[in-house]
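Everything on this sheet refers to the single structure shown next.
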Amino acid sequence: MAEVVVHIYDVTNSGSEKTNNTILQINRFFKDGIGLGGIFHSAIQVYGDEEWSFGYCEQGTGVFSCPSTKNPMYTYREKIVLGKTDCTIFMVNQILRELSREWPGHTYDLLSKNCNHFCDVLCDRLGVPKLPGWVNRFAHAGDTALEVAGNTAMRVKQAKTELVSASKVAYRFLSNITSNVTNGSPQRPGTLSNSENGNLRLQGSWFKGLLNTAKPSTSTEIEDRDEDANHAIPNQQNKQSRDSVPIHPTAFG
């Protein structure tokens, strides 16, 4: 069994002394003062004097090693013993080769795929506890904030789309009513008003789609209606003939 150690650094590689001092103050206040977290770099040491971590590069793997506690890019802070691994040195080397392929340098992301995420994955494969929560808490908080912001933006966009669609439907609905009322004929005694005509036309349009799905009349039904109409015409003519016969003045006494 071999001891697994994580080395923690303050991230002071901004190139600006003022910025580096600000980061140190943030880490002192949020980590040392209230135990919340800070801006840190981490690396794992197991078997030997090298520590392993992950960083950005344009080509090739982002996994790299350096002498433990001696990373020149950051300010060393402390080490934490995470436990002991049952992996042999051969197995550890195999794990590091696999991670080197899985973690290319161009995939580095400050919030979602940084050195602390890499150390968590390495610890998991070594069978020891992951880093303390405060080491990467700021990155987790930032990534969560971005995810919430993204989901909120998506919901706002969806709401806007639904609002526009509803507005278009309402506009067409009101336009239809206005058109029906405007184009209605002048009202005559015993007829419907323009607004009533508009409402009826609107109802007719509304039910037209439903009636379009009704079963068409068969040829037999059409022939029966034509025959009934033919019988109705002579009857109507006979009635008109009877009504046209002059009535004798003495018929009423």
Side-chain angles (χ1 to χ4, degrees), residues 2-47 49-57 61-85 87 92 95-96 99-100 102-155:
E3 190 174 65
V4 179
V5 176
V6 58
H7 296 288
I8 309 296
Y9 296 78
D10 293 306
V11 176
T12 53
N13 62 336
S14 67
S16 168
E17 183 177 357
K18 181 178 180 180
T19 301
N20 291 340
N21 290 332
T22 300
I23 291 174
L24 290 174
Q25 292 175 10
I26 289 173
N27 288 351
R28 289 193 198 102
F29 177 78
F30 285 101
K31 169 55 177 69
D32 301 335
I34 61 178
L36 181 60
I39 304 172
F40 304 110
H41 170 79
S42 62
I44 298 295
Q45 179 183 1
V46 56
Y47 286 115
D49 297 327
E50 298 285 305
E51 64 181 34
W52 295 86
S53 191
F54 172 73
Y56 174 81
C57 62
T61 182
V63 178
F64 68 94
S65 67
C66 67
S68 60
T69 75
K70 304 297 183 184
N71 191 318
M73 297 180 63
Y74 309 107
T75 301
Y76 188 75
R77 166 177 277 266
E78 62 182 297
K79 78 171 185 178
I80 301 173
V81 178
L82 299 174
K84 292 186 177 182
T85 179
C87 297
V92 171
I95 291 171
L96 290 171
L99 292 176
S100 295
E102 297 170 8
W103 291 69
H106 69 272
T107 63
Y108 178 92
D109 184 88
L110 181 63
L111 297 181
S112 62
K113 196 173 184 180
N114 60 31
C115 58
N116 301 318
H117 295 104
F118 169 82
C119 289
D120 274 342
V121 172
L122 178 53
C123 288
D124 185 62
R125 298 196 184 183
L126 293 175
V128 299
K130 295 181 180 181
L131 308 186
W134 57 264
V135 176
N136 206 29
R137 182 165 290 136
F138 278 18
H140 288 316
D143 194 36
T144 301
L146 287 179
E147 182 178 358
V148 171
N151 291 338
T152 301
M154 180 63 68
R155 289 170 183 167

Subject >> Close side-chain approach of Asn21 to Thr12, heavy-atom, < 4.5 Å >> reply: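 No, every pair of side-chain atoms sits at 4.5 Å or beyond.
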Rounded to the nearest 0.5 Å, how far does [atom2] of [Y] lie from [atom1] of [X]?
X      : Y      : atom1 : atom2 : value
Leu96  : Leu122 : CG    : CG    : 6.0 Å
Ser14  : Asn20  : OG    : CG    : 3.5 Å
Gln25  : Phe30  : CD    : CZ    : 11.5 Å
Leu36  : Phe138 : CG    : CZ    : 5.0 Å
Cys115 : Tyr108 : SG    : OH    : 5.5 Å
Thr75  : Asp10  : OG1   : CG    : 6.0 Å

Subject >> Atom NZ of Lys113: over 12 foreign heavy atoms under 6.0 Å >> reply: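 Correct, the count exceeds 12.
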Ignoring hydrogens, what is the shortest heavy-atom contact between [X] and [Y]? Give both atom names and the distance.
X      : Y      : value
Asn116 : Asn136 : ND2-OD1, 3.0 Å
Val121 : Trp103 : CG2-CZ2, 3.7 Å
Asn27  : Ile39  : OD1-N, 2.7 Å
Val128 : Gly83  : CG1-C, 4.1 Å
Ser42  : Leu131 : OG-CD1, 3.6 Å
Lys130 : Leu82  : O-CD2, 3.9 Å

Original post:
Can Trp52 and Ile95 be said to form a side chain to side chain contact (heavy atoms under 4.5 Å, CB included), step by step?
Top reply: CA-CA 12 Å; Trp52 295 86; Ile95 291 171; over 6 Å; no
**OP:** Before giving the answer on side chain to side chain contact (heavy atoms under 4.5 Å, CB included), spell out for Phe54 and Asn114 the whole-Å C-alpha distance, their side-chain angles and the decisive distance to 0.1 Å.
**Re:** CA-CA 7 Å; Phe54 172 73; Asn114 60 31; 5.8 Å; no
**OP:** Sequence neighbours left out, what pairs pass salt bridge (Lys or Arg N to Asp or Glu O under 4.0 Å) with at least one residue falling in residues 20-45?
**Re:**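 As it turns out, the salt bridge (Lys or Arg N to Asp or Glu O under 4.0 Å) pairs with a partner in residues 20-45, which skip direct neighbours, are Asp32-Arg77.
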Original post:
Which word best sums up how the rings of Tyr76 and Tyr9 line up, parallel for under 30°, tilted for 30 to 60°, or perpendicular for over 60°?
Top reply: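 Judged by the thresholds at 30° and 60°, the geometry between Tyr76 and Tyr9 is perpendicular.
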In a table with atom names and distances, give each donor-acceptor pair under 3.5 Å that connects a side chain of residues 65-74 to protein atoms at least two apart or in another chain.
| unit_1 | atom_1 | unit_2 | atom_2 | d |
| --- | --- | --- | --- | --- |
| Ser65 | OG | Glu50 | OE1 | 3.3 |
| Ser68 | OG | Asp49 | O | 3.3 |
| Asn71 | OD1 | Met73 | N | 3.0 |

Subject >> Partner residues of Glu102 under the salt bridge (Lys or Arg N to Asp or Glu O under 4.0 Å) criterion, sequence neighbours left out >> reply: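 Partners of Glu102 under the salt bridge (Lys or Arg N to Asp or Glu O under 4.0 Å) test: Arg125.
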Original post:
Among Val4, Ile44, Leu126, which one satisfies side chain to side chain contact (heavy atoms under 4.5 Å, CB included) with Val92?
Top reply: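 Exactly one pass, corresponding to Leu126.
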Original post:
If we ignore angles and hydrogens, is there a donor and acceptor under 3.5 Å between the side chains of His117 and Asp120?
Top reply: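 No pair is found: no donor N or O on one side chain lies under 3.5 Å from an acceptor on the other.
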